[in-house]
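A short write-up of the structure that comes next.
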There are 2 protein chains.
Amino acid sequence: MKKLTKNQQRTADFISRYIKEHLYSPTYKEIAEHFKVNVNAIQQTVAALVKKGALERNERIARGLRVKQVPNAELLHGSVKMITIPLYGNVAAGEPVFADNNIEGYITVDKPRRLSGEMFAVTVRGDSMTDKKIIERDKLIIRKQSTANDGEIVVALLDDEVTVKIFKKNNGKPYLQPANNKYDPIRRPFKILGIVVGLTRDYTEV
Amino acid sequence: MKKLTKNQQRTADFISRYIKEHLYSPTYKEIAEHFKVNVNAIQQTVAALVKKGALERNERIARGLRVKQVPNAELLHGSVKMITIPLYGNVAAGEPVFADNNIEGYITVDKPRRLSGEMFAVTVRGDSMTDKKIIERDKLIIRKQSTANDGEIVVALLDDEVTVKIFKKNNGKPYLQPANNKYDPIRRPFKILGIVVGLTRDYTEV
DNA sequence: ATAATTACTGTATATTTATACATTGTAATT
DNA sequence: AATTACAATGTATAAATATACAGTAATTAT
């Protein structure tokens with residue numbers, strides 16, 4: 001991105017701070033009043049900022065400015081790239097998995113690239129996926145889907161229990177493969193709930 | 001909070017989804033058009049939602065609605081629990097590590113509990129930490145600090161290079177321990193830049 | 001049963017907001 | 001020396017937006 005002039009930088013900073021505080025963009029007039037200049041001075045500065053890629057402008061939309069690049073490394077919460085999804089807890093046997101009362105909390109993550117669809121998260125229990133570098137208490141970001149390709153890591157419903165395994169189907173009957181040789185492949189019937197698209201780990205947890 | 005009626009719920013949901021998508025609130029007219037009703041029907045529903053505490057309305061501010069309680073477990077971006085931090089890229093030898101032009105991007109993560117201080121992120125290169133289940137391309141969330149306890153995973157500056165290792169100091173001279181037995185402990189001088197407090201992994205990356 | 005809340009229609013209006021046009025001056029490039 | 005990007009001013013205007021008033025009807029609570 002082209003470097004911003006001092007004036008452009010302070011304008012972008014003000015807009016950024018304003019949005020952070022109000023959760024909606026300032027109007028041209030408000031920005032102008034803040035800097036005690038004419039509205040059109042701001043219009044031109046904003047136009048320059050849009051051109052340089054620092055701001056996004058929604059034409060003819062009131063209060064439609066938004067920050068693209070973070071001017072002074074400020075926050076950009078609420079970015080389109082973020083997504084908030086439910087974290088499902090331990091699912092009791094027999095209960096529907098996606099019941100609202102199974103929601104343990106919500107986590108917000110960077111939306112994985114090139115992916116859409118409904119997403120959710122589960123907490124890993126046990127050590128059956130350690131060879132894939134997935135450990136107890138890791139939170140997995142899952143995209144809901146009922147099929148998977150060979151070798152993909154899936155969340156599956158198995159005997160009324162939710163489990164994370166590697167999905168295998170090399171020409172034969174599909175099965176679930178743990179990533180830890182102290183566990184055997186699982187060949188009982190199961191249902192795929194989704195595939196793993198992301199992972200978060202918190203080293204400050206107990 | 002008082003329970004929402006069905007109509008109020010679906011209105012709140014629409015507003016929530018709209019804001020999530022556009023990052024600015026819809027106008028009364030837009031909401032009305034979506035549900036194919038009169039503007040004033042929406043005005044009253046919104047007024048009820050404000051009264052019940054589900055929405056916040058900024059009087060006479062265009063597109064000034066915002067979601068307070070998350071109606072159907074929808075988004076809560078911009079939460080105080082989130083933090084946006086710079087992601088530092090490959091640091092060329094000799095260059096200062098935290099120079100702005102080393103910033104590769106920004107990531108937003110749940111703020112680790114009980115932790116404050118300045119934070120940043122780095123991308124993992126190589127396989128020296130695989131025994132700790134940290135692999136290439138994982139992004140580590142680091143809290144800046146210059147000391148560490150025995151056994152903590154640290155980011156350290158070593159010969160003008162940034163590296164991730166286990167910090168060791170059992171009574172003797174501190175050293176850096178890789179978590180992969182194909183690498184030897186490092187006993188050259190180093191400087192701790194921070195300790196690992198979190199990790200994110202994206203399975204959809206190339 | 002009666003009042004209050006909810007959900008709606010239609011029309012109108014004041015205010016807010018973005019945007020257009022005409023002009024000036026300065027600093028940075030070419 | 002000429003051109004372009006930048007930073008302003010002032011005046012207008014169109015479009016977007018919130019809001020006010022008057023009234024109907026169904027549902028829910030007292």
Side-chain angles (χ1 to χ4, degrees), chain A residues 1-19 21-69 71-72, chain B residues 1-19 21-69 71-72:
Chain A
M1 181 180 69
K2 240 176 145 184
K3 223 183 143 232
L4 304 184
T5 68
K6 219 166 185 175
N7 175 64
Q8 288 166 358
Q9 183 68 60
R10 79 185 220 276
T11 306
D13 283 348
F14 172 75
I15 295 170
S16 178
R17 267 184 286 117
Y18 186 105
I19 293 176
E21 189 180 335
H22 297 85
L23 298 191
Y24 49 76
S25 144
T27 63
Y28 287 104
K29 206 185 158 207
E30 283 171 345
I31 307 169
E33 273 163 3
H34 178 261
F35 289 114
K36 299 190 200 313
V37 296
N38 192 279
V39 211
N40 297 280
I42 298 304
Q43 254 189 73
Q44 283 174 74
T45 305
V46 166
L49 285 167
V50 170
K51 206 174 162 194
K52 287 188 178 175
L55 291 184
E56 216 171 293
R57 177 173 149 260
N58 299 281
E59 279 177 60
R60 280 159 200 288
I61 297 286
R63 298 177 181 275
L65 296 177
R66 31 196 234 196
V67 176
K68 276 184 79 177
Q69 268 83 358
N72 262 343
Chain B
M1 181 178 72
K2 243 175 141 182
K3 224 184 141 229
L4 304 184
T5 68
K6 217 165 184 177
N7 177 62
Q8 288 166 357
Q9 182 68 62
R10 78 184 221 278
T11 307
D13 283 350
F14 172 74
I15 295 171
S16 178
R17 264 184 287 117
Y18 186 105
I19 293 177
E21 190 181 334
H22 297 86
L23 298 193
Y24 47 76
S25 144
T27 63
Y28 289 103
K29 204 183 159 207
E30 283 172 346
I31 307 169
E33 274 164 2
H34 178 261
F35 291 114
K36 299 191 202 309
V37 295
N38 191 280
V39 209
N40 298 281
I42 297 304
Q43 253 189 73
Q44 281 175 73
T45 305
V46 166
L49 285 167
V50 170
K51 206 175 162 192
K52 288 189 179 175
L55 289 183
E56 214 171 292
R57 178 174 148 260
N58 299 279
E59 281 179 58
R60 282 160 197 286
I61 297 286
R63 299 176 181 274
L65 296 178
R66 29 192 235 199
V67 176
K68 274 183 79 177
Q69 269 82 359
N72 257 345

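Lettering follows sequence order; numbering is per chain, from 1.
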Check your understanding: Tell me, do B:Lys52 and B:Thr5 make a side-chain contact under 4.5 Å, heavy atoms counted?
Key -> yes
Exercise for review: Round to the nearest Å and state the distance from A:Gln43 atom CD to D:dC6 atom C1'.
Suggested key: 15 Å
For a quick test of your reading: what N or O donor-acceptor pairs under 3.5 Å do the side chains of residues 39-46 of chain A make, sequence neighbours left out?
| from | atom 1 | to | atom 2 | distance (Å) |
| --- | --- | --- | --- | --- |
| A:Asn40 | OD1 | A:Gln43 | NE2 | 3.3 |
| A:Asn40 | ND2 | A:Asn38 | OD1 | 2.8 |
| A:Gln44 | NE2 | A:Asn40 | O | 3.4 |
| A:Thr45 | OG1 | A:Asn7 | ND2 | 3.4 |
| A:Thr45 | OG1 | A:Ala41 | O | 2.9 |

Check your understanding: Atom CD1 in A:Ile15, atom CG in A:Leu49: separation rounded to 0.5 Å?
Key -> 6.5 Å
Exercise for review: Establish, with yes or no, whether the OP1 or OP2 oxygen of C:dT6 is under 4.0 angstrom from a side-chain nitrogen or oxygen of B:Lys52.
Suggested key: yes
Point to revise | Spacing of OG belonging to A:Ser16 relative to CG belonging to A:Leu55, to within rounding of 0.5 Å | key: 9.0 Å
Study note, to complete from the structure: Whether each nucleotide of nucleotides 7-14 of chain C has a protein heavy atom under 4.0 Å at its base (B), only at its sugar-phosphate (S) or at neither (-) is summarised, 5' to 3', as BBBBB---
**Study point:** B:Arg63 CZ to A:Asn58 CG distance, which is reported to the nearest 0.5 Å
**Key:** 8.0 Å
Review point. How long is the line joining CD of B:Glu33 and P of D:dA18, in whole Å?
Key: 12 Å
Practice item. Remember a base hit wins even if backbone is also touched, and classify B:Glu59 as base, sugar-phosphate or nothing at under 4.0 Å, heavy atoms. Key: sugar-phosphate
Practice item. Sort and list the pairs that fulfil ring-ring contact (aromatic ring centres under 6.0 Å, His included) and have at least one residue in residues 32-64 of chain A, not counting sequence neighbours. Key: A:Phe14-A:His34, A:Phe14-A:Phe35
Review point. Given atom OH of A:Tyr24 and atom P of D:dT17, what is their separation to the nearest angstrom?
Key: 15 Å
Check your understanding: Quick one: is C:dT19 close enough that its OP1 or OP2 comes under 4.0 Å of any side-chain N or O from A:Arg57?
Key -> yes
Study note, to complete from the structure: From OH of B:Tyr28 across to C1' of D:dA20 the rounded distance in Å is 13 Å
Study note, to complete from the structure: Value for NZ (B:Lys6) from CD (B:Gln9), rounded to nearest 0.5 Å, stands at 11.0 Å
Practice item. Describe, as an angle rounded to 10 degrees, how the axis at the first end of the helix from C:dA1-D:dT30 to C:dT30-D:dA1 is tilted relative to the axis at the last end, five pairs per end. Key: 40°
Review point. Over how many whole Å does the gap from B:Ile61 atom CD1 to D:dA18 atom P extend?
Key: 10 Å
**Study point:** Whole-Å distance separating the CD atom of A:Glu30 from the C1' atom of C:dT16
**Key:** 10 Å
**Study point:** Under the ring-ring contact (aromatic ring centres under 6.0 Å, His included) test, residues paired with A:His22 that sit two or more places apart
**Key:** A:Tyr18, A:Tyr24
Check your understanding: Rounded to the Å, how far apart are B:Lys29 NZ and C:dT16 C1'?
Key -> 15 Å
Practice item. Nearest whole angstrom, please: distance from the P of C:dT6 to the CZ of B:Phe35. Key: 17 Å
Check your understanding: For B:Arg57, what residues pass the side chain to side chain donor-acceptor pair (under 3.5 Å) criterion, not counting sequence neighbours?
Key -> B:Tyr28
